[in-house]
Amino acid sequence: DAGITQSPRHKVTETGTPVTLRCHQTENHRYMYWYRQDPGHGLRLIHYSYGVKDTDKGEVSDGYSVSRSKTEDFLLTLESATSSQTSVYFCAINGGTGGRNTEAFFGQGTRLTVV
Amino acid sequence: GDSVTQMEGPVTLSEEAFLTINCTYTATGYPSLFWYVQYPGEGLQLLLKATKADDKGSNKGFEATYRKETTSFHLEKGSVQVSDSAVYFCALTIDSNYQLIWGAGTKLIIKP
């Protein structure tokens, strides 16, 4: 199994509070991604990183920010949580060195509830 | 833009039945295609993949063939088991940053 850990695994927070989710990898992979999973929507990309301090927005980035200060850690921050951000969040990593054959590995997910 | 469409679920089958989950895609370039599986309470894991036309990906008895002429990558298994109950996602990647474009997922329920 790929070494990828998300924390926390579950969190309940109040509307308007900041929340930070952490993704930690031990694979030294270059690419890291944050997705959210909601019923009927599959997975939607929030932000991704293609190197230390190099990040870019995905299709649903509003209300989220990310940081990657070292290869192994990718943080997702909800600046002011809203109920629409209640979701399951997945981190993924990709080595990006195998060309078109490269696969992504996923963490176990973080279930976030905003009340 | 690029997109993936897969059949809606849930799909309910009896054990040992034949499975097909349809997946079609639109892409401006030449994508790699993937099937991922998500077991209850877990993250996603790669089931199989194909990177060029007519390639067949296979794993754990599942197969899918990259059909460029019909832009499809249908998932099949000859005899399903209760343990195959999960959500199956079709996805493609075409971007140099290896971003995945996802289908909505198909929940598969296998009854003994």
* Asked: Is B:Leu46 close to A:Phe105 at the side-chain level, that is, under 4.5 Å between some pair of heavy atoms?
  -> no

* Asked: Hey, is CD on B:Glu15 packed in by over 12 heavy atoms from elsewhere, all under 6.0 Å?
  -> yes

* Whether over 12 other heavy atoms sit under 6.0 Å from B:Glu42 CD -> yes

* Measure B:Gln38 against the heavy atoms of chain A and call it side chain, backbone, both or neither at under 4.5 Å. => side chain

* Asked: Counting only heavy atoms not in B:Glu69, do more than 12 fall under 6.0 Å of its CD?
  -> yes

* **Ring centres under 6.0 angstrom apart (B:Trp102, A:Phe90)** => no

* State the CG-CD distance between B:Leu100 and A:Glu103, to the nearest 0.5 angstrom. => 10.5 Å

* Tell me the residues of residues 42-61 of chain A whose non-hydrogen atoms fall below 4.5 Å from those of chain B, in number order. => A:Gly42, A:Leu43, A:Leu45, A:Tyr48, A:Tyr50

* B:Ile101, part contacting chain A, at a heavy-atom distance under 4.5 Å -> neither

* Asked: At what distance, to the nearest 0.5 angstrom, does CD of B:Gln99 lie from OH of A:Tyr31?
  -> 10.0 Å

* Asked: Under a 4.5 Å side-chain heavy-atom rule over Ile, Leu, Val, Met, Phe, Trp and Tyr, are B:Ile109 and B:Val80 clustered together?
  -> no

* To do: Look at the side-chain heavy atoms of Ile, Leu, Val, Met, Phe, Trp and Tyr, link any pair under 4.5 Å apart, and say whether A:Leu21 and A:Leu75 land in one connected group.
  => no

